Amino acid sequence: MTDSTTGTTGTAGTAGTTGGPRWPVTEAEAVAEQERIRAAADPVGPGPAPGRARRIAGVDVTYDEDSDLLVAAAVVLDAESLEVLEESVHTGRSRFPYIPGLLAFRELPPVLAALEKLGTSPDLVVCDGYGYAHPRRAGLAVHLGVLTGLPCFGVAKSPFVFDHTEPGPRRGDTSPLLDRSSTPAETVGRALRTRPGVRPVFVSAGHGIGLDHACAHTLRLTPRYRLPETTRGADGLSRRVLREIRQGLREPYGAAER
DNA sequence: GCGACAG
DNA sequence: ATCTTGTCGC
């Protein structure tokens, strides 16, 4: 399989072991893929309201600073008690650099691998990043939702390229997240105060669930901390496992990796 | 060309 | 993302 041109044709790599999606290699290919993802996405929902999702998953990836090692984690919580029902991890290596706007191509291959290791599929997935709030409306949560068919939304820690005004001081206060580069300016998400006196998080719809339900779930997932328990769980697990690998307490790659 | 830029 | 201990405050 050789390219006859200078790297704009073909794709390479597969996710998992069963021949999942094929991942782009060049930026141009990645952007073209996002246009297809956007076309297939449902950012409106309304999707599952709180109470209609029992198993809520959080996913996150931790990277080693100077090797290409990474650990992706999925943590499934009981929507009511927020207790951990199941956890899974995938250890591998990064195959796509971090490029703003193209984060999904770096994070989703290992995230999908971790999700596939769960015994039972979740009812809803919370991503650490954006969904609809994206230059091409195809952020992490949109992309993951389209690939898996699961309702999925995003909770980000910083406003990315978007504008917002400070939401009110109380838990639950919101302000619109605006994309002023589009014509006309469009509301793409919401700054949401999850804890009083603490910086807001930035919620956006993904696939199969709308912004209102996404914010409602986010509030239920933040009874004590700024970030959703799903995100905290996945972040903690992935960091823990990467530390174990560094200490030689765990094998760096899974069976099919390398 | 320069700056900004989820994780 | 990651580098990093203590420290201030409820």
Side-chain angles (χ1 to χ4, degrees), chain A residues 23 27 30-31 33-34 37-38 41 43 58-75 89-112 114 125-145 152-164 169-171 177-182 188-192 194-207 211 214 218 223-228 230-243 245-246:
Chain A
W23 296 96
E27 285 195 43
V31 169
E33 174 67 5
Q34 287 183 331
I37 293 295
R38 166 175 65 178
V59 293
D60 195 19
V61 184
T62 297
Y63 303 87
D64 187 71
E65 70 173 280
D66 46 23
S67 75
D68 55 1
L69 269 177
L70 61 75
V71 176
V75 172
V89 297
H90 166 84
T91 65
R93 57 196 358 167
S94 56
R95 309 194 180 198
F96 200 93
Y98 170 65
I99 301 172
L102 301 180
L103 177 63
F105 300 98
R106 178 171 174 79
E107 300 228 327
L108 289 192
V111 162
L112 287 167
V125 182
V126 184
C127 285
D128 185 23
Y130 280 108
Y132 185 82
H134 178 274
R136 290 167 292 280
R137 308 295 182 254
L140 207 52
V142 169
H143 205 139
L144 181 59
C152 190
F153 67 92
V155 179
K157 299 181 287 294
S158 69
F160 198 15
V161 296
F162 305 109
D163 297 312
H164 69 100
R170 294 165 313 193
R171 169 171 155 86
L177 189 66
L178 295 175
D179 184 350
R180 294 210 163 115
S181 74
S182 63
V188 293
R190 210 168 276 165
L192 171 64
T194 55
R195 306 297 306 160
V198 174
R199 285 178 301 150
V201 298
F202 303 90
V203 180
S204 59
H207 173 71
L211 187 55
T218 301
R224 176 162 173 145
Y225 298 103
R226 175 188 180 225
L227 297 178
T230 40
T231 298
R232 290 167 45 78
D235 180 72
L237 177 57
S238 61
R239 287 176 189 266
R240 210 146 60 228
V241 170
L242 183 57
R243 180 169 13 96
I245 292 174
R246 286 199 186 104

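Just so we're on the same page: letters track the sequence lines, and every chain starts at 1. Small disclaimer: the values here were computed from a predicted structure and weren't measured.
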query = Below 4.0 angstrom from OP1 or OP2 of B:dG7, is there any side-chain N or O of A:Lys157?
reply = yes
Atom-pair distance (CG on A:Asp68; P on B:dG7), nearest Å = 22 Å
Neighbour count >12 (heavy atoms, 6.0 Å) for atom CZ, A:Arg246 = yes
ask   = What pair of heavy atoms forms the shortest contact from A:Thr91 to A:Val241, and how long is it?
value = CG2-CG1, 4.2 Å
Counting only pairs under 3.5 Å, give me each side-chain donor-acceptor contact of residues 233-240 of chain A, with atom names and distances, residues two or more places apart or in other chains.
residue, atom, partner, partner atom, Å
A:Asp235, OD1, A:Arg239, NE, 3.2
A:Asp235, OD2, A:Arg239, NE, 2.9
A:Ser238, OG, A:Thr62, OG1, 2.7
A:Ser238, OG, A:Ala234, O, 3.1
A:Ser238, OG, A:Asp235, O, 3.0

message = Using every non-hydrogen atom in the two residues, find where A:Arg232 and A:Leu227 come nearest and quote the distance to one decimal.
response = CD-O, 3.4 Å
inquiry  = On the six-membered ring of A:Phe96, is A:Arg106 placed so that its NZ or CZ lies under 6.0 angstrom from the centre and within 45° of the ring axis?
reply    = no
key: Pairing string, 5' to 3', for DNA chain C - Watson-Crick or wobble contacts under 3.5 Å, brackets [ ] where pairs cross, | to another strand   = ..........
inquiry  = With a cut-off of less than 4.0 Å, is there a side-chain N or O of A:Ser158 near OP1 or OP2 of B:dG7?
reply    = yes
key: Whole angstrom value for the distance that separates C1' of C:dA1 from CD of A:Glu65   = 10 Å
inquiry  = Tell me the interatomic distance from A:Leu140, atom CG, to B:dC5, atom C1', rounded to whole angstroms.
reply    = 15 Å
request  = Mind listing the closest non-hydrogen atom pair of A:Ala104 and A:His143 along with its distance?
outcome  = CB-ND1, 3.6 Å
task = Answer with base, sugar-phosphate or nothing: what part of the nucleic acid does A:Asp60 contact at a heavy-atom distance below 4.0 Å?
result = sugar-phosphate
key: Face-to-face contact A:Tyr98 to C:dA1 six-ring, under 5.5 Å, under 30°   = no
ask   = Going through the checks in order, is the salt bridge (Lys or Arg N to Asp or Glu O under 4.0 Å) test met by A:Arg95 and A:Asp68?
value = CA-CA 8 Å; A:Arg95 309 194 180 198; A:Asp68 55 1; over 6 Å; no
query = When you look at CZ of A:Arg136, are more than 12 heavy atoms from neighbouring residues, nucleotides or ligands closer to it than 6.0 Å?
reply = yes
Listed pairs, N/O of protein and of nucleotides 5-10 of chain C, under 3.5 Å:
none

Between P of B:dA4 and NE2 of A:His164, the distance in whole Å = 16 Å
query = Quick one: is C:dA1 close enough that its OP1 or OP2 comes under 4.0 Å of any side-chain N or O from A:Arg239?
reply = yes
task = Whole angstrom is fine here: how far is it from CG in A:Leu70 over to P in B:dG7?
result = 17 Å
remark   = Rounded to whole Å, the OH-C1' distance (A:Tyr63 to B:dG7) equals 7 Å
key: Length of the CG-C1' vector between A:Asp163 and B:dA6, whole Å   = 15 Å
request  = Output the distance between atom CG (A:Leu102) and atom CD (A:Gln34), rounded to the nearest 0.5 Å.
outcome  = 5.0 Å
task = Could you check how far CD of A:Glu107 sits from C1' of B:dA6, rounded to whole Å?
result = 9 Å
